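We count residues from 1, following the sequence as given. These numbers come from a predicted model, not from an experiment.
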Amino acid sequence: MTEPPTTPTEDPPPVAESPAGGPSRTPVASPRAGVSVFVAAAATAGWAALVSFVPLLVLVVLGWLVDGRGASSAVTALRFAGAGWLAGHAVPVGTVAGPFALTPLALTALIVWRLVRAGAHTARAVGGDRRTALSGALGVAVGYGVLAAIVALLVSTKGIVVSPLRAFLTAGLIALVAAVAGAVRENGMAAHVAGQLSPAVRAGLRGGTFAALALLALGALAAGASLAWHADSAADTLRAYQAGPVGDIGITLLCLVYAPTVSVWALSYLAGPGFAVGVGTSVGIADVHLGPLPAVPVLAALPTGAAPAAGALLLGLPLLVGVGTGWLTARRDTGAGLTPLLLATALSGGVAGALTAVAGVLSAGSLGGGRLAVIGPVWWQLGLAVAGLIGVGAMVAGVVARTFGHVAPRPDQEP
């Protein structure tokens, strides 16, 4: 590692000694550099929390005031906004009706994006080597977790209880993963690690990521189409609230915040395992068992019965994504022969399954105790189904494209 030149008036940075007695290649950070990392991490973590919290706070407070409850209830609105912000981090919120643990994935996406940027901004601010950048990401995670724990303490009342320890651990873990991702991309570590991988592994990672994103988009399209088909039922549910124009806007925004969550449910429906909307319920292509549902307009998109015979074709949609993944993988340079191509396509199925399983974990939860204690897909069933569909489809399509379709791989110039 080449150290930056110092001016004659600067003292050289202290150098650690190696076990053999010689100088080490890694400089020891000075106290001043440590303070810089701490300040940068605290600032970026605080800004990430603020950017993701303020929009939710504004919506809740405006709705509270328009509802006529007055400024005296603003503190209660603030607590509700804080509880909603913690729910976006998959932190369970205890209520008098039971635990509320259904993650609004649209808010989660905003949170993760800001934390990735926080990691990148911290790495850019502190400069230095990769170890310093990772230290900054760790600082972001710790600082963000502390903020989440403070919010948990502030929102906890007789009606709402949130564990500060759970808030610290869950929010801190999300912040750590996202901030490290931002830091390694900012300082070039991601490109360096990717360059050490074989072309087949790189192609598999790319193919699996593409397949997971395509499947989530497919789930969103299916959920949107079903909601449009049942638009009259959704409109009747919305009118039943008699909340006025402002209230209708608030309910619509609530549905939009949970739209990605419902999209994951739709993906599980298309992939085969289905999902639940209450204890003892199931929603699948072959069979549907539903009980009384919460009066939420977006739930009007749920099917009320088994799909017709032609509905079985829906199971082929994720398989088509696998076929497309295999064809795209065959166009990449995976190495000589079919064995690396088979490795890449099989890996794409595993990566897609792992990513959708994580989405399944985040989209499942509960709406209080009792009958609504189980909602969403079973994550491991979703992950296995997606891994099988994408892996098989990609392997067959890749081999056919490379062998019979004469698809020539392009040189893999990017690591």
Side-chain angles (χ1 to χ4, degrees), residues 105 109 112-113 116 181 184-185 188-225 260 263-264 266-273 313-360 379 382-415:
L105 289 184
V112 170
W113 172 59
V116 169
V184 299
R185 182 175 178 83
M189 192 186 308
H192 173 74
V193 172
Q196 309 304 311
L197 302 176
S198 68
V201 173
R202 288 201 299 269
L205 293 175
R206 289 172 175 171
T209 303
F210 162 79
L213 293 176
L215 287 172
L216 292 174
L218 180 63
L221 180 62
S263 298
V264 179
L267 169 58
S268 188
Y269 178 86
L270 295 175
L313 297 176
L314 294 174
L315 293 172
L317 294 178
L319 191 61
L320 286 178
V321 174
V323 170
T325 301
W327 185 83
L328 291 174
T329 304
R331 290 178 57 84
R332 294 192 178 276
D333 182 13
T334 56
L338 291 179
T339 300
L341 176 62
L342 291 174
L343 171 63
T345 50
L347 179 60
S348 67
V351 171
L355 292 176
T356 52
V358 172
W379 65 270
L382 174 60
L384 286 179
V386 167
L389 290 169
I390 298 300
V392 171
M395 291 174 70
V396 173
V399 171
V400 170
R402 186 74 66 83
T403 304
F404 302 103
H406 305 292
V407 174
R410 296 174 298 179
D412 190 5
Q413 298 179 353
E414 296 182 3

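A pairwise comparison of heavy atoms in Ala203 and Ala344 identifies CB-CB, 4.2 Å as the closest pair. Residues Ile390 and Pro318 approach most closely at CD1-O, 3.6 Å, considering heavy atoms. Taking both residues in full, the closest heavy atoms of Ala330 and Ala401 are given as CB-CB, 4.0 Å, listed atom of the first, atom of the second, then distance. Residues Leu389 and Ala271 approach most closely at CD1-O, 3.8 Å, considering heavy atoms. Between Leu105 and Pro260, the closest heavy-atom pair is CB-CB, 3.7 Å. Here the closest non-hydrogen pair linking Arg206 and Arg332 is NH1-NH1, 2.9 Å.
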#### Entry: Check against side chain to side chain contact (heavy atoms under 4.5 Å, CB included), Val201 and Ser198
CA-CA 5 Å; Val201 173; Ser198 68; 3.2 Å; yes

### Derivation of the side chain to side chain contact (heavy atoms under 4.5 Å, CB included) call for Thr339 and Leu343
CA-CA 6 Å; Thr339 300; Leu343 171 63; 5.7 Å; no

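Qualifying side chain to side chain contact (heavy atoms under 4.5 Å, CB included) partners for Ala397, counting only residues two or more places apart in sequence or in other chains: Val323. With sequence neighbours left out, the side chain to side chain contact (heavy atoms under 4.5 Å, CB included) criterion links Val116 to Val112, Ala178. Under the side chain to side chain contact (heavy atoms under 4.5 Å, CB included) criterion, Leu213 pairs with Thr209, sequence neighbours left out. Pro340 pairs by the side chain to side chain contact (heavy atoms under 4.5 Å, CB included) definition with Ala200, Thr334, not counting sequence neighbours.
Between Thr403 and Leu338, some side-chain heavy-atom pair lies under the 4.5 Å cut-off.
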May I have the list of side-chain donor-acceptor pairs in residues 214-224 shorter than 3.5 Å, sequence neighbours left out?
none

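Exactly one residue among Val351, Thr356, Leu355 makes a side chain to side chain contact (heavy atoms under 4.5 Å, CB included) with Val386. That residue is Thr356.
Arg202 contributes atom CZ, which lies 6.5 Å from atom CG of Leu197 (distance to the nearest 0.5 angstrom). Thr345 contributes atom OG1, which lies 12.5 Å from atom CG of Leu328 (distance to the nearest 0.5 angstrom). In this structure, CG in Leu317 is found 6.0 Å from CG in Leu270, a value given to the nearest 0.5 Å. To the nearest 0.5 Å, atoms CG (Leu347) and OG1 (Thr329) are separated by 9.5 Å. Distance check, rounded to the nearest 0.5 Å: CG of Leu382 to OH of Tyr269 gives 15.0 Å.
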